[in-house]
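Remember, it's a predicted structure, so these values are computed and weren't measured experimentally.
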Amino acid sequence: MQWTLVVPVKPLARAKSRLSDTADDGVRPGLALAFALDTVAAALACPAVADVAVVTDDARAGRELAALGAAVVRDEPRGGLNAALAHGSAAVRAARPGTPVAALNADLPALRPAELARVLAAAGKFTRAFLPDAAGIGTTLLTAAPGTELSPAFGPDSRLRHRASGAVELSLGAVDSVRQDVDTGGDLRTALALGVGPRTAAVAARLLIAGQ
Ligand SMILES: Nc1nc2c(ncn2[C@@H]2O[C@H](COP(=O)(O)OP(=O)(O)OP(=O)(O)O)[C@@H](O)[C@H]2O)c(=O)[nH]1
Ligand SMILES: C=C(OP(=O)(O)O)C(=O)O
């Protein structure tokens, strides 16, 4: 089964505010972009992924993600994360009605293609499924089989909300790279220990050199 991924990217100037103690205002947009580029590059390298649609209003993110091979959908609703995902999945389904769709957060800089393939293979057995984040509170991936609405409920306590929505919670071992989202400085250190992609590694090295 080959999936279309929908990846939301917030305007970089406003992204990753919870990392403000780790990366200052001058660095954070570039760090958020590096996360998104490493996430999308790993997703495009996954054999289970046919294509990636990024939903963003950010011109620089759109340009650099398109250069990797992603399609870019404008965040027309401007109604926050779930509205962006519903809009992106509707755009994908309009073009390819029979495709299975997965929403994937753009803050997974340690993402490994083989681990994503295992998660998608497990998700493919269900009409809707999701993967809880490493903290066990949120969600990093939500899937919908062909003909099924994504019905995203990301945000605070999204693990509980996706469970309550009837999506099946995936409990797989050895998929840490798909679960390790980066919201805080501690998350960034954990992701660096797992091994991040080259763009995040470069920005993180500059942060360390600057002593931040
Ligand atoms: N297109 C779009 N993407 C969003 C929006 N809000 C969040 N996202 C994306 O959704 C994913 C998960 O968001 P968060 O982890 O909350 O990221 P964030 O909002 O940058 O982080 P904080 O500012 O620390 O809350 C990331 O890929 C964000 O870029 C939105 O309004 N539109
Ligand atoms: C939006 C989410 O991500 P985060 O916890 O990274 O804000 C979520 O987990 O639903």
| Would Leu141 and Leu120 count as a side chain to side chain contact (heavy atoms under 4.5 Å, CB included) if you check the C-alpha gap in whole Å, the side-chain angles of each, and the deciding distance to 0.1 Å? | CA-CA 9 Å; Leu141 173 134; Leu120 291 171; 4.2 Å; yes
For the hydrophobic clusters of this structure (ILVMFWY residues joined by side-chain heavy atoms under 4.5 Å, transitively), does one cluster hold both [X] and [Y]?
| X | Y | result |
| --- | --- | --- |
| Val178 | Leu85 | no |
| Leu172 | Leu104 | yes |
| Leu33 | Leu81 | no |
| Val40 | Val196 | no |
| Val92 | Met1 | no |

Would you be so kind as to tabulate the donor-acceptor pairs closer than 3.5 Å made by side chains of residues 2-11, with sequence neighbours excluded?
| unit_1 | atom_1 | unit_2 | atom_2 | d |
| --- | --- | --- | --- | --- |
| Gln2 | NE2 | Pro47 | O | 2.4 |
| Thr4 | OG1 | Asp51 | OD1 | 2.7 |
| Thr4 | OG1 | Thr99 | OG1 | 3.2 |

| task | Measure the shortest side-chain to side-chain distance between Leu37 and Leu65 over non-hydrogen atoms and say whether it is less than 4.5 angstrom. | result |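 Yes, close enough: below the 4.5 Å cut-off.
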| side chain to side chain contact (heavy atoms under 4.5 Å, CB included) against Ala42, all qualifying residues, sequence neighbours excluded |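 Partners of Ala42 under the side chain to side chain contact (heavy atoms under 4.5 Å, CB included) test: Leu111, Pro113.
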| said: So, using side chain to side chain contact (heavy atoms under 4.5 Å, CB included) as the criterion, who are the partners of Ala114 when residues are at least two apart? | reply: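 Checked Ala114 against side chain to side chain contact (heavy atoms under 4.5 Å, CB included); zero matches.
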| said: Just to verify, what does Phe35 make a ring-ring contact (aromatic ring centres under 6.0 Å, His included) with, not counting sequence neighbours? | reply: none
If you look at every heavy atom in [X] and [Y], which pair is closest and at what distance?
| X | Y | answer |
| --- | --- | --- |
| Ser177 | Ala110 | CB-O, 3.1 Å |
| Thr139 | Ser158 | OG1-OG, 2.8 Å |
| Val73 | Ala53 | CG2-CB, 4.3 Å |
| Arg93 | Thr148 | NH1-O, 2.8 Å |
| Gly88 | Val55 | CA-CG2, 3.7 Å |
| Val101 | Ser89 | CG1-CB, 3.9 Å |

Among all residues two or more places apart in sequence or in another chain, which pass the salt bridge (Lys or Arg N to Asp or Glu O under 4.0 Å) test with [X]?
| X | result |
| --- | --- |
| Arg14 | none |
| Asp157 | none |
| Glu149 | none |
| Glu64 | Arg60 |

[atom1]-[atom2] distance between [X] and [Y], expressed to the nearest 0.5 angstrom:
| X | Y | atom1 | atom2 | answer |
| --- | --- | --- | --- | --- |
| Leu108 | Leu116 | CG | CG | 9.0 Å |
| Leu188 | Gln180 | CG | CD | 9.5 Å |
| Leu142 | Leu150 | CG | CG | 4.5 Å |
| Leu170 | Phe126 | CG | CZ | 6.5 Å |

| request: Can you run down the salt bridge (charged side-chain N to carboxylate O under 4.0 Å, His left out) pairs that involve residues 99-125, sequence neighbours left out, and say none if there aren't any? | output: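 Sorted result for residues 99-125: Lys16-Asp107.
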| Which pairs count as salt bridge (charged side-chain N to carboxylate O under 4.0 Å, His left out) when at least one residue sits in residues 27-38, sequence neighbours excluded? | Asp25-Arg28, Asp38-Arg199
| request: With side chain to side chain contact (heavy atoms under 4.5 Å, CB included) as the test, would you mind laying out the steps for Arg179 and Leu131 before giving the verdict? | output: CA-CA 7 Å; Arg179 299 185 62 195; Leu131 188 72; 3.5 Å; yes
| Where do Leu31 and Val182 land on the side chain to side chain contact (heavy atoms under 4.5 Å, CB included) test, with the steps shown first? | CA-CA 11 Å; Leu31 187 59; Val182 176; over 6 Å; no
Flag, side chain of [X] to backbone of [Y], donor-acceptor distance under 3.5 Å:
| X | Y | result |
| --- | --- | --- |
| Thr140 | Asn105 | no |
| Arg18 | Thr184 | no |
| Asp58 | Leu12 | yes |

| task | Would you kindly say whether Asp187 and Thr190 are connected by a side-chain donor-acceptor distance under 3.5 Å? | result |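 On atom types as modelled, these side chains do not qualify, holding no pair under 3.5 Å.
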| query | Side chains of Arg128 and Ser165: do they bring a donor and an acceptor to under 3.5 Å? | reply |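 Distance-only check passes for Arg128 and Ser165.
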| said: Strictly by ring pair (Phe, Tyr, Trp, His ring centres under 6.0 Å), give each pair with a member in residues 140-167 just once, sequence neighbours left out. | reply: Phe130-His162, Phe154-His162
| Quick one: side chain to side chain donor-acceptor pair (under 3.5 Å) partners of Arg189, sequence neighbours excluded? | none
